[in-house]
Amino acid sequence: MTVTWTSGYGISEAHPFVEWGMKGSHPVHATADTVTFGRESLCGEPARSVGWRDPGFIHTAFLKNLSPEKEYYYKIAHTLHGGKVIWGKPKSFRAPPYPGQKSLQRVVIFGDMGKDERDGSNEYQNYQPASLNTTDALIRDLDNTDIVFHVGDISYANGYLSQWDQFTQQVEPITSRVPYMIARREPRARFPQQRVAVQRHGLRQGVRGAGRDHILRADGEEGQLLVLHGLRDVPVLRGGQRARLAGGHGAVQYRFLDRCLGSVDRAKQPWLVFIAHRVLGYSSGFFYGYDGAFAEPMARQSLEGLWRRHRVDVAFYGHVHQYERTCPVYEERCVPDGHGTVHVVVGGGGSHLSSFTAEAPPWSVYREMDYGFGKLTASDARSLQFEYRRSSDGKVYDSFTLHRD
């Protein structure tokens, strides 16, 4: 586990560490690294001017050699030069199972949440009206959650660093107890400083899960479930003019994904899940359906063969602010289980909603213009259950189960 928090103590003032261990055992200390950044590190307005705020100091410690599925307790701390220790509040988390271990794993997935003001100050004119509902619904069900995947569009800070603090404070009850993984996305060009903030401004007292090394971006390798996560927004292409114009990056990504997906031992991890921020598969959101693409340009044509060859079970996306689920689909046709991938858009985490096309395509099984999040439950090698829950009440409004012999 990676524990990251912010404070006002620089390395010249205090020594940061995490005290941690299993209940009843002698606790150990993990030293934390410390970084910060200044106004000159940011790329432009408003982050360098009216959006600037001193970020304090960001501390990160790594808790290693965890025993699978054991409960751990931890406290962040700072030892001042005079010897006095400043302690944070005690927290706890459960270590994940080892790859291939038979276990119950409950995975929450959503995108495009943002943050909101509990005092009703309405800073962004209701731009992210349901982010608090989503956050609170996740907190209420946290005892039944093992890991959270936030599929891009995180705080919508748009160059205002104080809003990263607002967001991290909002999600701290979640991030301090379960791994909170974030999909990267390319920021909007008009706010280049947003990318710097995402990469450098850590979660406040958050626990973040670490991926296993043998698959580079498999950030959620949990028991019988493997989540390939964090694909960037660069279109993945087999070749062609756009790939050449991008210096061949599309072809490089394609070969990387092919190796990545092909290296999964499906005997140990029978369920394979693919996650990206932008829709690389299927969506009948209005701005995708307007030109008939129903996805990022050329993305599905490049990836669909990979998904089928490597038997990707489910693919999740954000970016479109709504919920939609497809049948198991291949080349725009519904196919039997095991012959296609179920594509799910879970972009209704809290930001303003997006509309659908007037008519639903034949592969679109369920769609809803409302706020909500998804939850995967992998209990064994034979069935994988998915539920879509609305943020307003946490109740299930759509579900499906995949079966495998």
Side-chain angles (χ1 to χ4, degrees), residues 2-16 32-61 76 78 80 86 88 111-132 134-135 150-176 180-208 230 232-233 277 318-319 349-352:
T2 303
V3 183
T4 301
W5 73 99
T6 60
S7 80
Y9 296 113
I11 55 176
S12 63
E13 301 171 278
H15 167 72
D33 295 327
T34 299
V35 298
T36 189
F37 59 93
R39 193 191 302 256
E40 69 282 354
S41 300
L42 305 180
C43 300
E45 308 300 332
R48 282 188 170 186
S49 56
V50 294
W52 169 252
R53 179 183 185 274
D54 188 332
F57 298 91
I58 304 162
H59 315 284
T60 301
I76 61 171
H78 295 263
L80 305 181
I86 307 298
D112 307 80
M113 185 170 74
K115 74 264 172 259
D116 205 357
E117 293 73 32
R118 291 191 182 275
D119 62 3
S121 57
N122 204 16
E123 186 172 350
Y124 265 122
Q125 291 80 45
N126 233 18
Y127 184 69
Q128 301 141 42
S131 62
L132 293 179
T134 300
T135 301
H150 187 153
V151 191
D153 276 11
I154 304 163
S155 72
Y156 295 94
N158 292 334
Y160 291 82
L161 284 177
S162 63
Q163 292 177 19
W164 278 107
D165 287 326
Q166 182 183 341
F167 171 81
T168 54
Q169 183 179 40
Q170 180 174 308
V171 299
E172 183 178 8
I174 305 168
T175 63
S176 61
Y180 194 97
M181 306 304 299
I182 294 171
R184 289 185 58 182
R185 61 147 295 174
E186 292 303 304
R188 294 170 178 84
R190 65 181 180 274
F191 294 115
Q193 69 285 349
Q194 189 176 12
R195 181 176 184 177
V196 178
V198 170
Q199 293 177 345
R200 300 193 185 212
H201 203 64
L203 291 181
R204 180 192 303 273
Q205 195 167 312
V207 179
R208 190 171 66 84
R232 299 173 70 173
D233 287 345
H277 172 69
H319 193 57
S351 190
H352 65 289

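Since the model is a prediction, treat every value here as computed from it, not as a measurement.
Contact annotation: the side chain of Ile58 approaches that of Phe37 to within less than 4.5 Å [non-hydrogen atoms, C-beta and beyond]. Using a 4.5 Å heavy-atom threshold, the side chains of His277 and Asp112 count as touching. Inter-residue side-chain proximity for Ser155 and Gln163 is flagged as unmet; no heavy-atom pair is nearer than 4.5 Å. Annotation: side chain of Met113 is in contact with side chain of Val171 (closest heavy-atom distance under 4.5 Å).
The two residues Pro16 and Trp5 make their nearest non-hydrogen contact at CB-CZ2, 3.9 Å. Closest non-hydrogen pair, Gly56 versus Thr36, comes out as O-OG1, 2.6 Å. When every heavy atom of Gln170 is checked against every heavy atom of Asp116, the shortest pair comes out as OE1-N, 3.2 Å. Nearest heavy-atom pair, Arg39 versus Ser49, reported as atom, atom and distance to 0.1 Å: NH1-O, 3.7 Å. Taking all atoms of both residues into account, the shortest heavy-atom contact from Gly51 to Tyr160 is CA-CD2, 3.5 Å. Pairing each heavy atom of Pro129 with each of His352, the nearest pair is CD-N, 4.2 Å.
Between Tyr180 and Phe167, the angle of the ring planes goes over 60°, which puts this pair in the perpendicular group of the 30/60° scheme.
At least one donor-acceptor pair closer than 3.5 Å links the side chain of Glu13 to the backbone N or O of Gly10. In terms of modelled atom types and a separation under 3.5 Å, the side chain of Arg48 and the main chain of Leu42 share a donor-acceptor contact.
Expressed to the nearest 0.5 Å, how far CH2 of Trp52 lies from CD of Glu45 amounts to 13.0 Å. To the nearest 0.5 Å, atom NE2 of residue His150 and atom OG1 of residue Thr175 are 12.5 Å apart. Expressed to the nearest 0.5 Å, how far CD1 of Ile76 lies from OG1 of Thr6 amounts to 8.0 Å. Annotation: the span from Thr134 atom OG1 to Lys115 atom NZ amounts to 14.0 Å, rounded to 0.5 Å.
By the side chain to side chain contact (heavy atoms under 4.5 Å, CB included) test, Ser351 pairs with Tyr127, Gln128, Tyr156, His321, sequence neighbours left out. Every residue meeting the side chain to side chain contact (heavy atoms under 4.5 Å, CB included) condition with Leu80, not counting sequence neighbours, appears here in chain and number order: Tyr9, Ala14, Lys84, Ile86.
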